[in-house]
Amino acid sequence: MKNTKILVTGANGQLGSEIKALSDGMGGFAVTFIDVEDLDLTDRDAVEAFFKAGSYDYVINCAAYTAVDKAESDEDTAFKVNAAAVGLLGEVTAHYKTRIIHISTDYVFDGSANRPYTEDDEVNPVSAYGRSKLKGEELLQKNNPDSVIIRTAWLYSAFGNNFVKTMLRLGKERDELRVVFDQVGSPTHAADLAKAVVDIIQKTESGDKEFVTGIYHFSNEGVISWYDFAYHILDLAGVECKIIPVLSEEYPVPAPRPAYSVLNKEKIKDIYDIDVPYWYDSLKRMLDGLR
Ligand SMILES: NC(=O)c1ccc[n+]([C@@H]2O[C@H](COP(=O)([O-])OP(=O)(O)OC[C@H]3O[C@@H](n4cnc5c(N)ncnc54)[C@H](OP(=O)(O)O)[C@@H]3O)[C@@H](O)[C@H]2O)c1
């Protein structure tokens with residue numbers, strides 16, 4: 001069997017770390033993990049030299065500028081990492097005939113829908129982060145059409161910082177927490193997304209599936225508000241803290257969030273036969289793993 005070479009960027013982030021955790025089971029694959037200290041993806045000369053020095057069959061791009069609120073006052077950096085660098089990755093991967101799987105976000109939508117968003121629905125980001133990620137999608141599709149873009153949402157993991165870990169910490173420190181209940185979506189355990197990405201490559205390489213390019217949606221199954229999510233995180237972890245539902249207007253943050261950002265996952269299920277676990281089961285698995 002061919003030794004498929006994979007490069008994972010953003011390897012120290014939530015998703016990159018989950019792919020690393022999976023990589024022992026990736027027989028037949030030679031996986032290289034890098035992050036910004038190995039290669040700054042905004043540095044054109046360094047990126048070109050890196051790809052000249054090594055050859056890869058796939059790049060999984062987990063690198064991103066993910067500070068959603070900070071991006072409002074630092075849109076320039078968000079665009080450098082989430083747009084220009086993704087365009088550059090598209091250029092170099094196309095040059096070396098390398099396929100790329102890139103991760104994008106539900107924040108490309110404005111949240112005005114009342115049924116799950118499909119890949120064909122109109123995009124209209126309402127934040128600087130969302131605009132930068134959308135530009136990244138556009139540049140990648142233009143520069144390397146041999147690409148798969150997976151939009152995900154509400155990502156959390158045992159690795160890195162995220163809503164689940166923040167709720168656990170604050171829940172232990174405080175008697176009550178106020179959490180918005182008018183923003184609705186689906187959480188995503190990064191381990192499930194990591195498995196979906198690896199599955200796509202494994203199925204393609206085994207000849208089970210074609211590499212069907214384009215945009216896909218992946219989150220966990222089910223629909224909840226941040227309030228419900230917080231409630232169940234603390235309940236499952238056995239942390240005693242009252243969760244109070246509040247409206248977004250009572251909890252102002254710099255970046256506006258889509259009120260409804262549920263993603264329709266039919267396409268990735270149909271084309272790649274990807275398993276999509278229910279959010280509660282995945283949350284339970286993650287919390288069990290933390291213990
Ligand atoms: N987190 C979410 O809730 C969420 C929701 C929807 C979609 N997504 C998308 O899912 C993907 C994975 O997210 P994540 O939560 O795993 O991200 P993350 O934990 O923030 O990891 C991103 C990684 O990229 C690195 N990075 C930043 N700038 C870089 C550069 N110039 N060159 C190379 N690497 C760089 C970061 O390093 P530093 O930490 O040193 O900056 C970090 O290690 C991203 O595309 C993100 O936009 C995330």
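As the structure lists them, so they are numbered: ligands from 1, and atoms in each ligand from 1.
Looking only at protein heavy atoms, the nearest one to atom 5 (C) of ligand 1 is W154 N, 3.8 Å. Of the protein's non-hydrogen atoms, G10 CA, 3.8 Å is the one closest to atom 23 (C) of ligand 1. Protein heavy atom closest to atom 28 (N) of ligand 1, with residue, atom name and distance, is V81 CG1, 3.7 Å. The nearest protein atom to atom 43 (O) of ligand 1, hydrogens excluded, is given as D35 OD2, 2.7 Å; this is a heavy-atom distance. Nearest protein heavy-atom contact of atom 31 (N) of ligand 1 is D40 OD1, 2.9 Å. Of all protein heavy atoms, the one closest to atom 47 (O) of ligand 1 is Y129 OH, 2.7 Å. The shortest contact between atom 12 (C) of ligand 1 and any protein heavy atom is with C62 O, 3.7 Å. Of the protein's non-hydrogen atoms, the one nearest atom 32 (N) of ligand 1 is L41 N, 3.0 Å.
The same ILVMFWY cluster, assembled from side-chain heavy atoms under 4.5 Å apart, contains both F218 and V148.
Residue H189 is tested with F159, Y156, F163, W279 for a ring pair (Phe, Tyr, Trp, His ring centres under 6.0 Å); the sole match is Y156.
An N or O contact shorter than 3.5 Å links L15 to ligand 1 by distance. For the pair A64 and ligand 1, the shortest N or O to N or O distance falls below 3.5 Å. By the 3.5 Å distance cut-off applied to N or O atoms, L155 is counted among the residues near ligand 1.
Note: F29 CZ to K5 NZ = 13.5 Å, rounded to the nearest 0.5 Å.
Of the candidates V68, T188, I103, it is I103 that places a heavy atom closest to atom 11 (C) of ligand 1. When E37, R151, Q14 are checked for heavy-atom proximity to atom 19 (O) of ligand 1, Q14 turns out nearest. Counting heavy atoms only, T66 comes closest to atom 17 (O) of ligand 1 of the residues N161, D38, T66. When the options T9, N82, L39 are ranked by their closest heavy atom to atom 33 (C) of ligand 1, first place goes to L39.
Side-chain N or O atoms of S23 include none that pairs as donor or acceptor with a backbone N or O of M26 at under 3.5 Å. Distance alone, capped at 3.5 Å, is enough to place a donor-acceptor pair between the K265 side chain and the L263 backbone. The backbone N or O of E91 lies less than 3.5 Å from no partner atom in the side chain of N144, so there is not a single donor-acceptor pair.
A salt bridge does not link E18 to K195: none of the charged nitrogens lies less than 4.0 Å from a carboxylate oxygen. Looking at R151 and E137, a side-chain N of the basic residue comes within less than 4.0 Å of a carboxylate O on the acidic one, giving a salt bridge. Between R291 and D288 there is a salt bridge, with a side-chain nitrogen of the basic residue lying less than 4.0 Å from a carboxylate oxygen of the acidic one.
Applying the 4.0 Å criterion to heavy atoms of T42 picks out, from ligand 1, the atoms 31 (N).
Distance check on atom 3 (O) of ligand 1: some protein heavy atom falls below the 4.0 Å cut-off.
Residue contacts with ligand 1 include S104, since one or more of its heavy atoms lies under 4.0 Å from the ligand. Contact annotation: G160 has no heavy atom less than 4.0 Å from any atom of ligand 1.
Using a 4.5 Å cut-off on side-chain heavy atoms (C-beta onward), Y272 and D199 make no contact.
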